[in-house]
Amino acid sequence: MAAEVVLLFVGRVSLGAAVGVFLAVEAALAAVILTVAWRAARTSRGDRVTAAVRAILPGPIATLVLLELGQLRALCLLVRSRTATENPEDVTISYAAGRGGVYLMIGVVCVIELLAVHLILPWHRLGAGSWLQWVAFALSAYGAVWLLAWWAAQRTHPHLITGDELVLRNATVVTLRVPLDRIGHVSPRRRGLGSEGRLMLGGSGGGTNLDIDLVEPAPWRSFTGRRSREVTAVSLEVDDPRLAAQLLTRAMRRRTQLGPATDLGGSDW
């Protein structure tokens, strides 16, 4: 593109030729990108969309794109009254029951802001720039939809107890995966502050009501992947801490009795 701009500036190529070459190169690059994405999706054993996006985009950008796609999917799951699990046999631990009021308050503020920005501000004084009114309206509307999608993602993506892991999630983001054989003790307990080595996964108020102590450290990485550390204990907020402790204790015992190579079937629960 830089070379074309220089050639166009010195008069060596016409505008039509420069545009034609640019479109031809972009079409070739698009074909290459689509081929790479298709091959990554075809060979993936997991989510094909995730594999395709990560194959063609840099890590941080791919993470943001997958977050947006996951939240839109969460809205569809909420409408269909379904829950996102990794396997049909997974046991779910919900954590979003007490957060609806907070999101409702923020949603009302978003709607008020949308109406104020769109109707109250004197956009006509901008003259030719009055089109910015619709840009601001679209951004405000998308912000309200994004907030609803984030709440839907928390409702439809609970924590999971799989055959061999405890999967802790925050909406569509997997925060931590802990093998069941690394969990030493689970107990309902309220906390307001964190401690060294303890990962805090609190709710809207920041507090937690369930402690999970590990016999071996588990690796944790931040959402962007730039920070990582070894976690020796986890505190999280769930809807029913006593039930969550019972489910985890039962899964740990069953895992110990059956061994690491045996799958926990849905009928065992």
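As the structure is a prediction and not an experimental result, all values here were calculated from the model. Here, residue 1 is the first one in the sequence, and each next residue gets the next number.
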| Would E86 and T162 satisfy side-chain contact (heavy atoms from CB on, under 4.5 Å), going step by step from the backbone distance to the final call? | CA-CA 8 Å; E86 297 181 353; T162 68; 4.0 Å; yes
| field | Residue pairs, two or more places apart or on separate chains, that pass side-chain hydrogen bond (donor to acceptor under 3.5 Å, both in side chains) and touch residues 49-62 | value | D47-T50
| For D90, side chain to side chain donor-acceptor pair (under 3.5 Å) partners two or more places apart | none
So do [Y] and [X] actually touch side chain to side chain, heavy atoms under 4.5 Å?
X: L180; Y: I183; result: yes
X: V238; Y: P241; result: yes
X: L78; Y: W151; result: yes
X: T249; Y: L247; result: no
X: L67; Y: V173; result: yes
X: V186; Y: M252; result: yes

Can you tell me how far [atom2] of [Y] sits from [atom1] of [X], rounded to the nearest 0.5 angstrom?
X: L248; Y: S187; atom1: CG; atom2: OG; result: 11.0 Å
X: L114; Y: F137; atom1: CG; atom2: CZ; result: 5.0 Å
X: L148; Y: C110; atom1: CG; atom2: SG; result: 10.5 Å
X: R242; Y: N209; atom1: CZ; atom2: CG; result: 10.5 Å

| Can you check side-chain contact (heavy atoms from CB on, under 4.5 Å) on D181 and V215, steps first, answer last? | CA-CA 8 Å; D181 53 13; V215 295; over 6 Å; no
| Does the pair R227 and R221 meet the rule for a side-chain contact (heavy atoms from CB on, under 4.5 Å), with working shown? | CA-CA 6 Å; R227 294 181 299 157; R221 296 185 65 184; over 6 Å; no
Would you find a donor on one side and an acceptor on the other, under 3.5 Å apart, between the side chain of [X] and the backbone of [Y]?
X: N170; Y: L201; value: no
X: T208; Y: S235; value: no
X: S14; Y: A17; value: yes
X: Y95; Y: H157; value: yes
X: R177; Y: L166; value: no

| request: May I ask you to say whether D213 pairs ionically with R198, meaning some side-chain N is under 4.0 Å from a carboxylate O? | output: yes
| task | Inspect the contact between E89 and R254 and indicate whether a charged nitrogen and a carboxylate oxygen are less than 4.0 angstrom apart. | result | no
Solution key, residues 68-75 side-chain donor-acceptor pairs under 3.5 Å, sequence neighbours excluded:
unit_1, atom_1, unit_2, atom_2, d
E68, OE1, Y142, OH, 2.2
E68, OE2, W146, NE1, 2.9

| remark: For residues 12-36, the ring-ring contact (aromatic ring centres under 6.0 Å, His included) pairs (sequence neighbours left out) are none
| Going only through I, L, V, M, F, W and Y residues with side-chain contacts under 4.5 Å, is there a path from V53 to L64? | no
| message | Test question: given the 4.5 Å side-chain rule for I, L, V, M, F, W and Y, name all other residues clustered with L160, or answer none. | response | V167, V174
Ignoring hydrogens and angles, write down the donor-acceptor pairs under 3.5 Å from the side chains of residues 28-38, residues two or more places apart or on other chains.
unit_1, atom_1, unit_2, atom_2, d
T35, OG1, A31, O, 2.8

| task | Please check if atom CZ in R169 has more than 12 non-hydrogen atoms from other residues, nucleotides or ligands closer than 6.0 Å. | result | yes
| Do you know the tightest heavy-atom contact between A218 and V178? | CB-CG2, 4.4 Å
| note | In D211, L168, L199, I93, the residue satisfying side chain to side chain contact (heavy atoms under 4.5 Å, CB included) with L236 is L168
| request: Let me see the working for L77 and T83 under side-chain contact (heavy atoms from CB on, under 4.5 Å), right down to the final yes or no. | output: CA-CA 7 Å; L77 291 175; T83 301; over 6 Å; no
